[in-house]
Structure formats: structure tokens, C-alpha cells
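What you see below is based on every heavy atom in this structure, not just the backbone, and it leaves out hydrogens, waters and symmetry mates. Below, read A as the first sequence line, B as the second, and so on, with proteins coming before strands; counting in each chain starts at 1. The shown structure was predicted, so the numbers you read here are calculated from the model rather than taken from an experiment.
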2 protein chains.
Amino acid sequence: MGDSLSLPRHTFNNLPAEKRDKIVGAAMREFSRQGYQKASINTIVKAAGISKGSLYQYFDNKEALFFFIFDSFTELVKKTVKQVNKQEKEFFGQVRYVLQAGIEFIDQYPEYFQIYLKVLFEQDIPHREKLLAQVRLFSREYFGPLCARAQKQQAIRQDIPLEVVIFILDATLDRFLQSYARSYLDCGLDLTRKKREELFAVVDMILQVLQEGLKERVKIDN
Amino acid sequence: MGDSLSLPRHTFNNLPAEKRDKIVGAAMREFSRQGYQKASINTIVKAAGISKGSLYQYFDNKEALFFFIFDSFTELVKKTVKQVNKQEKEFFGQVRYVLQAGIEFIDQYPEYFQIYLKVLFEQDIPHREKLLAQVRLFSREYFGPLCARAQKQQAIRQDIPLEVVIFILDATLDRFLQSYARSYLDCGLDLTRKKREELFAVVDMILQVLQEGLKERVKIDN
DNA sequence: CGCTAGTATGACCACCTGGTCATACTATGG
DNA sequence: CCATAGTATGACCAGGTGGTCATACTAGCG
């Protein structure tokens with residue numbers, strides 16, 4: 001896992017770093033704005049200042065170029081996730097750190113996150129499922145074990161199936177990051193314009209609500 | 001508000017109902033599969049069994065056709081929302097009825113809901129904001145007053161700003177409907193394949209978690 | 001029947017797409 | 001200074017797009 005679906009040709013690696021970066025930058029920007037299908041090779045080569053023929057000497061086709069860009073995105077995600085504080089033992093503390101990592105990722109690499117969102121909602125991207133599986137932050141695979149452990153340690157309630165717990169967390173947190181990255185889903189929260197401390201005040205409120213809703217209940221006879 | 005951005009030409013209204021329905025059906029199916037930009041006029045006219053020239057006698061252009069289709073969607077939504085049980089007084093009971101209406105809408109008009117999702121995630125649709133504003137179910141405009149009343153009546157907690165409450169509800173419920181309509185976001189819940197009673201068991205669990213998280217707390221000195 | 005007004009048609013238009021390839025350029029080694 | 005290997009180029013291709021329009025058809029009336 002984690003290996004590329006397609007590699008650039010050797011000619012690309014021979015290029016001076018500066019030129020490579022210009023191409024990667026142009027492609028990334030175009031894909032982040034247009035998604036896969038609508039992205040135009042012509043636009044990319046113009047922005048990169050190279051000819052179309054050259055691009056096709058570096059990459060077999062549009063697909064290969066896109067995979068290469070998406071791969072560098074997944075590498076960045078992995079790097080970011082690795083930096084998440086592992087000391088934290090409390091479940092909602094861990095969740096908070098993951099969310100924080102997401103926020104920092106968007107701050108650092110907004111275009112890459114846009115590409116992720118495009119892939120998430122565009123239907124006909126080659127190997128879309130595989131691409132998403134490589135990367136989804138709050139998916140079952142990531143939250144699954146985390147939640148399972150929390151449930152065993154009675155940090156979260158036992159009377160709700162694991163899938164439902166994951167669903168609620170995933171829905172809320174993923175939507176939070178989406179709203180932070182674009183503006184139109186934020187229900188008036190105006191996340192993008194908030195200062196860091198205000199932002200985390202909202203984060204903490206959301207997590208607090210989730211914690212209240214999901215924590216193990218004290219039994220009360222009625 | 002609520003009026004169309006563009007109307008079909010009079011020639012369209014003169015058509016026999018059968019032919020009109022065939023055109024609307026073909027356009028709806030194409031837009032629901034491809035979204036706006038990728039939808040092909042050629043595909044639509046072929047499916048409708050008419051010539052391209054004819055279509056352009058009924059509608060000024062692709063945009064007008066799309067608006068017409070989207071308008072009939074919003075009309076259906078309004079009809080469905082109006083049928084929501086207004087007797088229910090308890091806040092989470094109301095929320096449940098709205099969610100139920102959403103589920104029934106998807107069951108009845110799956111293609112129309114797909115169009116909504118496409119508009120939600122496609123960027124460059126003409127007047128996209130206006131279209132969405134016409135229709136968004138769980139948006140600030142709809143949940144706003146509902147939540148405000150609930151907060152006043154102390155059905156939900158006072159210590160969290162209204163926007164955050166709306167955000168959490170919107171995130172969870174909207175995502176629930178999305179997962180019900182497509183499968184790939186459901187975190188293993190497999191909603192589409194569930195029987196009605198199982199589905200509503202999940203609904204009730206989610207609402208119960210939200211209720212626990214959002215209800216007014218009893219004050220405890222510590 | 002013949003005339004006319006409304007409608008149906010698909011060849012056609014300009015433009016764009018991803019992708020190709022003969023040609024031209026350039027740098028290196030002999 | 002020449003030969004060669006690697007690379008850069010953009011005209012070109014087939015196939016698609018939304019949209020147009022001269023032409024053909026057809027229904028109803030006198």
C-alpha cells in the first residue's frame with residue numbers, strides 16, 4: 001500500500017528541480033480548481049511555461065500526472081498525521097489532536113486539500129476509490145480502532161454500535177474541515193475568517209457536545 | 001423568491017404532455033448522472049427521441065433547461081416539506097420528522113436528489129448560490145428559527161451559540177441523507193441496504209446522541 | 001386543392017479536449 | 001567540427017462540446 005498507481009517517466013526526474021516544481025505547481029493549481037475531468041492539459045502547460053509535447057514526455061497521460069500530484073498529497077497527509085501527538089491518552093483528546101492536524105494541513109496546503117475535496121465529490125475519476133482509501137482521515141479504518149479501544153475502556157457508551165459512533169464523529173469532523181476549507185457549508189459559522197483561538201473555541205464546543213452525547217451514561221433507575 | 005431564473009419557451013408548453021415528460025425525464029436523468037457541466041445536450045436529445053434543433057426551440061440554452069429541471073426539484077421539495085407533521089411540539093421530534101421527510105424524498109425522487117448533490121459539490125454552475133439557497137433543507141434559514149425557539153424554551157442548552165448547534169445538526173443530518181442517497185460516505189453503516197425499521201433505528205440512535213449532547217444540563221456544583 | 005404559420009430536423013459551426021509525432025534544437029564526446 | 005543522443009516544440013488529429021439555421025415537413029384554414 002501507499003505506492004503510486006503510476007510514476008513519472010525518467011525524463012521528469014532528470015529535470016532541474018526548479019522546472020519540476022513549476023510543473024507540479026501548475027498541475028496542482030489546475031486540479032485543485034477544476035478537479036480531474038475539467039482540468040485542462042493546455043492550461044497546465046501554459047502555466048508551467050512548457051509545450052504540450054514536453055509534458056507528454058514527462059508523464060504518460062493526464063491520469064499519470066494526476067496520480068503523481070495526488071501521491072504527493074497523500075505523502076504530505078501521512079507526514080502530518082505522523083506528527084500528531086501520540087502522548088494523549090484520553091479519547092476526545094486524541095480526536096482533538098487529529099482535528100488540529102487537519103486544520104494545520106489546510107492552512108499549509110490549501111490547494112492540496114481542495115484536490116482531496118474534488119476527488120471526494122467527483123464521480124468519474126480513475127481509481128477514485130483507491131485514491132480515497134489511501135488518504136481518508138476520519139474514515140472507518142482510522143477511527144475504527146480508536147473508537148473500539150475507547151469503547152472497551154468505557155470512554156464512550158456501549159449501547160450504540162461502533163459504526164454509528166464513527167458515523168457521527170466522521171460526519172461532524174469531516175464537515176468541519178470542509179467548512180474550514182471552503183466557506184459555503186458553514187451554516188453561518190464563518191470559520192475561514194475566524195482567528196485561531198476563536199476557531200479552537202468552536203472546535204472545543206463541538207467536541208464537548210459530542211463527548212456529552214457519546215460518553216458512557218450513569219445508569220439511573222426510573 | 002421561489003420564482004424561476006428562466007422559463008421554457010411557449011413552444012414547450014404547447015407540447016403534448018407525454019412528449020414533455022419524456023424530455024424532462026431525459027434531461028433529469030442526464031443531469032443527475034453527470035451534473036451540469038458534463039451533462040451532454042446530445043445525450044439528452046437522443047434519450048428524449050427528439051432532434052437537437054427541437055430542444056433549442058423549447059429552451060433558450062442548456063442553462064435554461066437546467067434551471068427548469070432544478071425548479072421542478074425545488075417545487076417537489078417544498079411540497080414534501082409542507083407535508084411534515086406540524087403537530088409535533090418537541091424539538092427533536094420535529095427534527096426527526098424533517099429527517100424522515102428527507103428519507104422519503106430520496107425514496108420517491110432519487111434522481112432529483114442526485115441533482116441536488118451535484119449542485120452542492122460542483123463549483124461552476126451558473127447561479128449556484130441562488131439555486132442552493134432556494135432549497136437547502138437543513139440550512140441556517142430552516143433550522144435557525146427552529147433552534148432559536150428550542151433554545152428559548154430550554155429544550156437545548158444555552159451555553160453554546162446557536163450557529164454551533166445548527167452546524168452540528170446540519171453536519172450530521174445532511175451527511176446522513178447523503179450517505180443514504182449514495183453509499184460511499186456511510187462509514188460502514190450500509191444505509192442503502194437497510195430495511196426501513198433498521199434505518200430508523202439508526203436515525204433514533206443518532207438523534208439520541210445529539211439530544212444528549214445538546215440538551216440543557218442540570219447544574220452541578222463541583 | 002393551395003397557402004401559410006408553426007414546428008421538426010440534422011448538417012454544420014467554432015471551439016475545446018487529450019494525445020501524437022515529425023521536426024528542430026542542443027549538448028556532449030570523439 | 002561533426003555525429004549522435006536526448007529533449008523541446010507546436011501543428012495536427014479524432015472526437016467531443018453547446019449552439020445555429022436553411023430546409024423540410026405538417027396541420028389547419030379558405
Side-chain angles (χ1 to χ4, degrees), chain A residues 5-6 8-24 26-31 33-70 118 122-127, chain B residues 5-24 26-27 29-31 33-70 118 122-127:
Chain A
L5 284 157
S6 180
R9 295 167 158 216
H10 71 279
T11 47
F12 183 69
N13 298 319
N14 290 345
L15 251 39
E18 198 194 333
K19 197 168 183 179
R20 259 191 338 237
D21 291 348
K22 214 171 166 192
I23 294 169
V24 169
M28 187 196 65
R29 229 162 299 128
E30 175 69 0
F31 283 126
R33 283 180 197 158
Q34 309 288 352
Y36 176 72
Q37 294 286 351
K38 278 197 58 206
S40 160
I41 295 290
N42 288 320
T43 305
I44 292 172
V45 296
K46 251 174 237 162
I50 61 172
S51 72
K52 208 201 286 208
S54 288
L55 186 67
Y56 280 91
Q57 290 212 331
Y58 308 145
F59 296 91
D60 283 335
N61 46 37
K62 191 182 184 181
E63 217 178 280
L65 173 61
F66 181 70
F67 288 156
F68 179 74
I69 300 293
F70 198 88
K118 296 282 183 187
E122 214 175 307
Q123 299 304 292
D124 47 3
I125 295 171
H127 302 97
Chain B
L5 284 157
S6 181
L7 290 168
R9 294 168 158 215
H10 71 280
T11 47
F12 183 70
N13 298 320
N14 291 344
L15 252 39
E18 199 195 331
K19 196 167 183 179
R20 255 189 344 232
D21 290 349
K22 215 173 166 191
I23 294 168
V24 169
R29 227 163 299 126
E30 176 69 0
F31 283 127
R33 283 181 197 157
Q34 309 290 350
Y36 175 72
Q37 295 286 351
K38 279 196 58 203
S40 160
I41 296 289
N42 289 319
T43 305
I44 291 173
V45 297
K46 253 176 237 163
I50 60 171
S51 71
K52 209 201 288 209
S54 289
L55 186 68
Y56 278 91
Q57 289 212 331
Y58 307 145
F59 296 91
D60 283 335
N61 47 37
K62 189 183 185 182
E63 217 178 279
L65 173 60
F66 182 70
F67 289 156
F68 179 74
I69 299 293
F70 198 88
K118 296 283 184 188
E122 213 175 307
Q123 299 303 293
D124 46 2
I125 295 172
H127 303 98

Between V24(A) and F12(A), does a side-chain contact (heavy atoms from CB on, under 4.5 Å) hold up when you go through it step by step? CA-CA 11 Å; V24(A) 169; F12(A) 183 69; 4.0 Å; yes
Side-chain N or O of [X] versus OP1/OP2 of [N]: is the shortest distance under 4.0 Å?
X: Y58(A); N: dA8(D); value: yes
X: Y56(B); N: dG19(D); value: yes
X: K46(B); N: dT9(C); value: no

Specify the separation, in whole Å, of atom [atom1] of [X] and atom [atom2] of [N].
X: I44(A); N: dG18(C); atom1: CD1; atom2: P; value: 8 Å
X: D124(A); N: dG16(D); atom1: CG; atom2: P; value: 15 Å
X: Q37(A); N: dG16(D); atom1: CD; atom2: P; value: 14 Å
X: E30(B); N: dG16(D); atom1: CD; atom2: C1'; value: 13 Å
X: N61(B); N: dC21(D); atom1: CG; atom2: P; value: 14 Å
X: I23(A); N: dT9(D); atom1: CD1; atom2: C1'; value: 14 Å
X: N42(B); N: dG19(D); atom1: CG; atom2: P; value: 11 Å
X: I41(A); N: dC13(D); atom1: CD1; atom2: C1'; value: 16 Å

Contact state string [nucleotides 10-15 of chain C, B base, S sugar-phosphate only, - no protein heavy atom under 4.0 Å]: B-----
Going 5' to 3' along nucleotides 22-27 of chain C, which nucleotides have protein heavy atoms under 4.0 Å from the base (write B), which only from the sugar-phosphate (write S), and which from neither (write -)? ------
Could you tell me if the side chain of [Y] sits less than 4.5 Å from the side chain of [X], heavy atoms only?
X: I44(A); Y: L65(A); answer: yes
X: R33(B); Y: K38(B); answer: no
X: K19(A); Y: Y58(A); answer: yes
X: S40(B); Y: E30(B); answer: yes
X: Y36(A); Y: E122(A); answer: yes

Using heavy-atom distances to pick each residue's nearest nucleotide on DNA chain D, tell me which of A39(B) and N14(A) is more 5'. N14(A)
What is the nucleic acid contact for K19(A), judged by heavy atoms within less than 4.0 Å: base, sugar-phosphate only, or nothing? sugar-phosphate
Before you tell me yes or no, could you show the steps for F70(A) and F31(A) under ring pair (Phe, Tyr, Trp, His ring centres under 6.0 Å), namely the whole-Å CA-CA distance, both residues' side-chain angles and the distance that decides it to 0.1 Å? CA-CA 10 Å; F70(A) 198 88; F31(A) 283 126; over 10 Å; no
Between L15(B) and K62(A), whichever has its closest DNA chain C nucleotide further toward 5' is L15(B)
Verify side-chain contact (heavy atoms from CB on, under 4.5 Å) between D124(A) and Q37(A), making sure each step is shown before the conclusion. CA-CA 8 Å; D124(A) 47 3; Q37(A) 294 286 351; 3.6 Å; yes
L15(B) vs I23(B), side-chain contact (heavy atoms from CB on, under 4.5 Å): CA-CA, chis, key distance, verdict: CA-CA 10 Å; L15(B) 252 39; I23(B) 294 168; 3.9 Å; yes
